[in-house]
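In this text the structure is predicted, and so the values were computed from the model without any measurement. Values below: every heavy atom of this structure, side chains too, minus hydrogens, waters and symmetry copies. Note that ligands are numbered from 1 as they come in the structure, with each ligand's atoms numbered from 1 the same way.
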Amino acid sequence: MLAAAARKLNVPLHVLTPGAQDPATALASSVVLAELDDVAATRELARRSGAITFENEWVDLPALAPLSFDGVVFLPSLEALAPLVSKRGQRQMLQDQGLPCPRWCDLPTSGLLPEGFNYPLMAKASTGGYDGKGTAVLRSPEDLTALLARVPQGDWILEEFVNFEQELSQLACRDRAGNVRCYPLVQTHQHQQVCDWVLAPASVPHAVQAYARNIAASLLTAINYVGVISIELFYGPSGLQVNEIAPRTHNSGHFTIEAAHTSQFEQQVRIVAGLPMGSVEFQVPGALMVNLLGFESSEADYQAQRDDLAAIPEATVHWYGKEGSSPGRKLGHVTLLLHGVTAGERAGQAEQLLERVRSIWPLPPQNP
Ligand code: ADP
């Protein structure tokens with residue numbers, strides 16, 4: 001999607017990937033075929049490019065530091081990424097900046113909880129987790145003992161279990177000159193800890209929207225971040241709390257391709273290429289994005305389902321062309337435009353459309 005945006009803008013884009021079949025290779029100006037942690041290959045990528053950006057946060061910062069020292073431009077910079085590449089780093093940074101997040105601590109190796117922490121708790125791998133892989137709900141001291149026996153020491157954190165009413169996502173961006181823009185706040189819904197659908201815009205009071213923008217602007221400026229970022233938030237009786245920060249374009253912003261004047265991908269290309277940022281406003285009243293999560297293990301291409309989804313009025317299907325489906329795997333997404341003038345009308349339309357999508361594309365089965 002980033003490569004497609006670069007094409008549209010006529011910005012040459014060179015891709016480093018280990019996969020010759022990676023969909024980006026078909027759209028890239030050139031390809032460096034190598035593992036992502038191959039530093040020599042990253043040097044070659046730098047030789048071809050004016051700046052380097054990232055599609056995920058699994059970046060080997062110490063390995064890339066010499067390149068940065070030699071003048072290679074990374075956007076966001078390695079310094080800005082440093083507090084974001086681990087959950088512990090994110091929590092520490094939020095705490096240092098006085099930004100709201102759930103109370104947390106390191107996983108106590110003694111098996112005794114620090115003062116003020118009670119079950120249930122959420123345990124999280126500091127690095128390498130995604131889509132709920134690397135999280136565990138702890139309901140008792142026995143759960144903690146079992147976790148301590150199976151995970152590497154020092155790698156996990158514990159945090160209070162938040163009784164949120166909604167999960168929200170604030171997509172924002174900052175250019176090289178320090179200008180910040182925030183897309184409208186959206187609601188995200190997870191199924192078994194994987195994003196299932198996104199409703200844009202979220203139906204929350206203006207004060208909440210303003211607070212989310214404020215958090216984003218403070219955070220981006222504090223760490224001198226350049227590029228697109230996604231800030232996932234809990235909203236409920238404890239107010240607004242930052243859950244997770246994704247230093248990149250994000251699944252919760254995919255709907256911007258159809259619904260915003262500037263998609264998150266175009267925005268990222270614009271910022272990295274030094275072009276002026278585009279408008280973050282919507283060109284329609286709203287949108288519903290539904291992820292097409294694998295619901296079985298199969299090699300099928302689901303052409304019939306994709307055709308049925310595409311036949312829904314104002315639906316756009318994005319199919320990622322991955323090899324093989326398994327339950328919960330993100331195989332694509334569909335974006336549906338909403339024209340309701342009020343939040344209530346849009347919520348009603350979204351509910352009907354979600355039902356229609358579900359009749360074509362079922363949810364993955366419940367985990368045991
Ligand atoms: P991942 O990196 O795997 O996406 P997250 O931290 O985003 O991990 O957690 C995945 C989901 O688990 C969240 O979207 C939320 O639904 C739930 N979750 C995460 N942290 C908490 C918490 N402290 N309290 C309650 N639910 C949580």
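- Take Arg174 and apply the salt bridge (Lys or Arg N to Asp or Glu O under 4.0 Å) test, not counting sequence neighbours, and it matches no residue.
- If you look at Tyr302 and Phe295, their ring centroids are closer than 6.0 Å.
- In this comparison of Asn243, Val162, Leu121, the heavy atom closest to atom 25 (C) of ligand 1 sits on Val162.
- Applying the side chain to side chain donor-acceptor pair (under 3.5 Å) test to residues at least two apart or on different chains, the pairs with a partner in residues 343-365 are Asp196-Arg358.
- Residue, atom and distance of the protein heavy atom nearest to atom 3 (O) of ligand 1 are Gly132 N, 2.5 Å.
- Using a 4.0 Å cut-off to heavy atoms of Gln190, the atoms of ligand 1 that qualify are 14 (O), 16 (O).
- The nearest protein atom to atom 8 (O) of ligand 1, hydrogens excluded, is given as Lys87 NZ, 3.0 Å; this is a heavy-atom distance.
- Close approach of ligand 1 to Phe164 (heavy-atom distance below 4.0 Å) involves ligand atoms 16 (O), 25 (C), 26 (N).
- Rounding to the nearest 0.5 angstrom, the gap separating the OG1 atom in Thr221 from the CG atom in Asn224 is 8.5 Å.
- Residue nearest to atom 10 (C) of ligand 1, selected from Gln192, Arg103, Gln193, Lys124: Gln193 (by heavy-atom distance).
- Taking the ring centroids of Tyr235 and Tyr211, they lie at or beyond the 6.0 Å cut-off.
- Protein heavy atom nearest atom 21 (C) of ligand 1, with residue, atom name and distance: Phe234 CZ, 3.5 Å.
- A ring-centre distance under 6.0 Å is found for His254 and Phe265.
- A side-chain contact (heavy atoms from CB on, under 4.5 Å) with Met1 is found for one member of Ile257, Thr249, Leu27 and no other, namely Ile257.
- Considering only non-hydrogen protein atoms, atom 7 (O) of ligand 1 sits nearest to Glu244 OE1, 2.9 Å.
- Of the candidates Glu232, Glu167, Met122, the one placing a heavy atom closest to atom 16 (O) of ligand 1 is Glu167.
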